[in-house]
Each structure stands twice: as C-alpha cells, then as structure tokens.
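Here the structure comes first, spelled out in structure tokens, and everything after it is commentary.
Each ligand, and each atom within it, is numbered from 1 in the order the structure gives. Throughout, numbering of the chain's residues begins at 1 and tracks the sequence. On a predicted model such as this, the values are computed, not experimentally measured, just so you know. Basis for what follows: all heavy atoms, side chains included, without hydrogens, waters or symmetry-related copies.
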Amino acid sequence: MSVSQEQEKYFMEGNAAEIQRLSFQHEVLKNHIGALVLAPVEVSKGGLRILDSATADGLWLRDLAGNVPADNTYVGTDIMEAYFPPESDWPSNMSLTIQSITKPWPVTWREGFDLVHQRFALPAAGKSGLKDALSGLIGLVKPGGWIQLVEADHSVFTGPAMGELFELVKDVFGAMDVGYDHARDIKTMFQDAGLEQVEERVYDVPLGAKNPDAEMGQKSAHAFTMGAAGIVGAAKSTPGCTFSAARLDALKPSIERELQEQGGVNRVYVVWACKPVVED
Ligand SMILES: C[S@@+](CC[C@H](N)C(=O)[O-])C[C@H]1O[C@@H](n2cnc3c(N)ncnc32)[C@H](O)[C@@H]1O
C-alpha cells in the first residue's frame, strides 16, 4: 500500500456500522432493481475478468460470484483495507487490493477487464479529480468490454427531513470540495469519453413505509437512518459546515420518523457503456 493511498480517508470510516449499512443498502437495491449487472455482459459464460472499484467488503462481487456458475475472475479495490474480510474467507477466484480511484492504476491492469463496476464512490474523486478518475476506470476496460456506474441523485426527495438531509450532504460535500451530484451527468461523461451504446436507467428506490416489502422497508429505513447519522458525524468535524449543532442533532430522529411514518425514495442512476474496439 502506498503512503499516499493510506492517507486518503473515507468520510464514513468512523462509523462502526458502515458495513452493515452497506449490506442493507445492497439488499434493498438488488431487490428493487432486480439485477446486479444491467450492462449486457454474459457473466455466466465464464472466463471474464470483473472489477468492482470502491468495493468496501466485496459484497457486490461475492453476491455476483455466488450466483454465476462460471470461472470468472473477480477483483475488488478500495482504500479501506479494514473493510476487507479476512483473506481466508475470499472465494478462490476473488482478490481484494488497496487502490484509490484518484491514483494511477497498475499498468498491468490496463484494458484488462470485461466489466468494470463502481457504485456510490464517484464523489471520492473530488471535483477536480473527476475526469481523471473516470478516465482511469475507462482505461481498465478491454476494448469491447463494459463499464457500469451506479450513483444516487440527491436532488430528489419526498419529505422535509429527507430534504434537510440532502441539504446537509450538499453542505458537507461542498465544504470538503467533493462533487455533490454526479448521477445525472454520467451518461454525458461516458459519451464525451468516446464510449458507445451508452444507456441509463433511473430507479426511485422506495424507503421505509413506501416500500411494499415490509422487510425491505425496515432495512432501507435503517440503512438510510444510519447514513444520516454518519453524515451528521462527518458534519460535526468538517470545518465550514454551515449547520448548527441543534439542526444536526435533530436530523437523525426526524429522518427515522419520516421514513417510518410516510416513507421516502432514493433516486439512483445505473449507467453503462461499451468501450469501442479500435481497428488498426
Ligand atoms: C458508499 S461506500 C460504497 C461501497 C460499495 N461500492 C457499495 O455500493 O456497497 C463508498 C466506498 O468507497 C470507498 N472509497 C472512498 N474513497 C475512495 C477512493 N478514493 N478510492 C477508492 N475507494 C474509495 C470507501 O472506502 C467505501 O468502501
């Protein structure tokens, strides 16, 4: 692990329950969207190399690998080594490596993946690093291979507490100089990068009382409330955050109440594209 990658921080890292939040969020999203891969990649044909960037504990990869009877190779990367499960628990065809999306990727990985996936991590590139991070990811895709990104759109909310939370996300990310809302721009960024067959789907994932499945309702509300608590915690240690202590303290209980009583939606964009094969 390079020193510079060690120094990068994930703003939710202090949240002890982050992996549980991510696992509930994964379950709720999969249940609503109905698939992990929307790009037209035949994952069951085997022999593919699949990367999940910003993988946390590799759950997306492990879930995919567990449902595809094929000899694919799965690679996960993240800056938070503490999130990786013990190596003895990794499936034999999966490896996890420390790698930041803001740093150069190993040269031997260039054009080495049939599918590059990343979910909820583009803001970590920072405003000025977005273009380079995207081109780093695209550089990993084989000609004829696919990239799929999943990001949330924080401009859409249902009740006042959700509105307040997204206002705080904007405030904290702004104070950290991190890009706030990339979801709606990914399609254009892919097109501008010369990718082909660019497709976008938009999902309004129902949270809490709005989710027709009681278990998913509970898990989505819990995950969202934990996320709100994490953002509040980060806000308290972010110089430049404009929310008062009283406003911050009110946020978690009001999100919890709103999701239990009226529910909400989380708008999520799934965008995928193919890297063209360039003829000599
Ligand atoms: C919101 S979580 C999403 C995790 C996973 N992709 C998912 O959908 O469940 C964001 C992840 O990005 C990772 N991360 C933060 N900054 C990063 C960076 N510069 N490079 C790579 N990963 C980063 C965090 O450690 C965390 O695991």
Got a salt bridge between Arg119 and Asp52, using NZ or NE/NH1/NH2 to carboxylate O under 4.0 Å?
-> no
With a cut-off of 4.0 Å, which atoms of ligand 1 are near a heavy atom of Ala56?
-> 4 (C), 27 (O)
With only distance considered, is Tyr83 within less than 3.5 Å of ligand 1 through an N or O on each side?
-> no
Is there a heavy atom in Lys103 that sits closer than 4.0 Å to ligand 1?
-> no
Got a salt bridge between Arg21 and Glu18, using NZ or NE/NH1/NH2 to carboxylate O under 4.0 Å?
-> yes
N-O pairing of Lys45 and Asp114 below 4.0 Å | no
With only distance considered, is Ala54 within less than 3.5 Å of ligand 1 through an N or O on each side?
-> yes
Heavy-atom proximity to atom 23 (C) of ligand 1, best of Asp57, Ile79, Thr55, Ile101 = Ile79
What do you reckon, does Met80 have a nitrogen or oxygen under 3.5 Å from a nitrogen or oxygen of ligand 1?
-> no
Taking the six-membered ring for Trp and the single ring otherwise, decide whether the centroids of His26 and Trp60 are under 6.0 Å apart.
-> no
Measure the shortest side-chain to side-chain distance between Lys210 and Val265 over non-hydrogen atoms and say whether it is less than 4.5 angstrom.
-> yes
Would you be so kind as to tabulate the donor-acceptor pairs closer than 3.5 Å made by side chains of residues 64-75, with sequence neighbours excluded?
{"unit_1": "Asn67", "atom_1": "ND2", "unit_2": "Asp63", "atom_2": "O", "d": "2.7"}
{"unit_1": "Asn67", "atom_1": "ND2", "unit_2": "Asp63", "atom_2": "OD1", "d": "2.9"}
{"unit_1": "Asp71", "atom_1": "OD1", "unit_2": "Gly47", "atom_2": "N", "d": "2.9"}
{"unit_1": "Asn72", "atom_1": "OD1", "unit_2": "Gly47", "atom_2": "N", "d": "3.3"}
{"unit_1": "Asn72", "atom_1": "OD1", "unit_2": "Leu48", "atom_2": "N", "d": "3.0"}
{"unit_1": "Asn72", "atom_1": "ND2", "unit_2": "Val43", "atom_2": "O", "d": "2.8"}
{"unit_1": "Asn72", "atom_1": "ND2", "unit_2": "Tyr74", "atom_2": "OH", "d": "3.1"}

With backbone taken as N, CA, C and O and side chain as the heavy atoms from C-beta onward, which portion of Gln25 lies under 4.0 Å from ligand 1: side chain, backbone, both, or neither?
-> neither
Is any N or O atom of Ser100, backbone or side chain, closer than 3.5 Å to an N or O atom of ligand 1?
-> yes
